[in-house]
Amino acid sequence: MLRTRLTDLLGIRHPIIQGGMQWVSRAELVAAVSNAGALGILTALTHPTPEGLVREIQKTRELTDQPFGVNITILPTLKPVPYEEYVQAAIEAGVKIVETAGRNPEPFLPALKKAGVVVIHKCTSVRHAVKAEKIGCDVVSIDGFECAGHPGEDDVPGLVLIPRTADTVNIPIVASGGFADGRGLAAALALGADGINMGTRFLATREAPIHERIKELLVEADERQTTLILRSLRNTARVFRNRVAEEVLRLEGEGAGIETIGPLVSGKRGERVWSEGDPEAGIWAAGLVVGLIHDVPPVAELVERIVGEAESIIRQRLPGMLVSG
Ligand SMILES: Cc1cc2nc3c(=O)[nH]c(=O)nc-3n(C[C@H](O)[C@H](O)[C@H](O)COP(=O)(O)O)c2cc1C
């Protein structure tokens, strides 16, 4: 077993988090992750209304009695989102862990803290990690350039971002982006993190509620199969490189704006990738870590394997390198 400040604070057995994933982190995956001793996180905005989120929280509770969280992603959207209502719904449903991401979560902190919620803020730069600590977040999850979804605009990979963050903030740190196995977990701990957060790796698990064809594609793909889109709009996203992503890049090269690009990157089209198994149906997030995914195990087996491998690296491989003299 690996005990860290993160396992103590969240009351989980293993220092592993499944980050919020739009459309994907639903009750079945989240409960499987939490039952495996890691932390599963639902995604609020997967549900069109706060009531829908509450139903998903209840469903998750029927599947696990272990801690789980809710992700609130604050990003620029065409249609205004009632964030406060989602936050309130999560609090009233008794959620004790919230992962915020995107923009500054400060407006929601008073309500969350009053309700005794542990707030994990996920961000992509040291300056935002410092700010998160200052405004009272309990944990900072630091997403490196490798990550699926939004890596920010600074392009700093985890190998620098994690130790820089560890040197700068005092609250527990979760290393995110590019983690898939025990080598990554051991490395993250060595770099000063208290645990890891994974997204893409959890897509390729038996319990992930996505089409089998996409899981197979993740196994087949290598680390060159992702690309960064929407940089021209300063809303960079790392996604699987398909024809839609290439079309977006072409339009960006021509100086197109969100009016032209919007329909291509719509959430509705992306959702069809997961439900219909057509990898070309829309844009879908995937990280560089696709290069490290070679199978589709049950979540419990994956978590055990990652922890077992990290322990053996720490207990055997590294001490075996120590020589006196
Ligand atoms: C399909 C998918 C959807 C995601 N959706 C969200 C989201 O809605 N909100 C969020 O904060 N992060 C989202 N992420 C990012 C993950 O929570 C996590 O930070 C990221 O995947 C870590 O990088 P990794 O994929 O290399 O493990 C998503 C990731 C994936 C793969």
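Each ligand, and each atom within it, is numbered from 1 in the order the structure gives.
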Looking at [atom], what's its closest protein heavy atom, distance included?
atom	result
atom 20 (C) of ligand 1	Ala148 O, 3.8 Å
atom 29 (C) of ligand 1	Met21 CG, 3.6 Å
atom 26 (O) of ligand 1	Gly178 N, 2.8 Å
atom 9 (N) of ligand 1	Thr73 OG1, 2.7 Å
atom 22 (C) of ligand 1	Ser176 OG, 3.5 Å
atom 19 (O) of ligand 1	Lys122 NZ, 2.9 Å

Test item: side-chain donor near acceptor, Asn197 and Ser176, under 3.5 Å:
yes
Would you say the side chains of Gln22 and Thr43 form a donor-acceptor pair under 3.5 Å?
no
Ligand 1 atoms in contact with [X] (distance to a heavy atom under 4.0 Å):
X	result
Gly199	21 (O), 22 (C), 24 (P), 25 (O), 27 (O)
Met198	27 (O)
Ala101	11 (O)
Asn197	18 (C), 19 (O)

Does this structure show an ion pair linking [X] with [Y], if we count only N-O contacts that are shorter than 4.0 Å?
X	Y	result
Glu220	Arg213	yes
Arg305	Glu309	no
Glu62	Lys59	no

Please determine if [X] has a nitrogen or oxygen closer than 3.5 Å to a nitrogen or oxygen of ligand 1.
X	answer
Arg201	no
Val24	no
Gln22	yes
Trp274	no
Glu99	no
Asp143	yes
Gly20	yes

So is Gly149 in contact with ligand 1, going by heavy-atom distances below 4.0 Å?
no
Would you say Phe202 contacts ligand 1, with heavy atoms under 4.0 Å as the rule?
no
In Å and rounded to the nearest 0.5 Å, what is the CG to CG distance from Asp194 to Leu2?
12.0 Å
Relative to each other, are the rings of Phe108 and Tyr83 parallel, tilted or perpendicular (30° and 60° limits)?
tilted
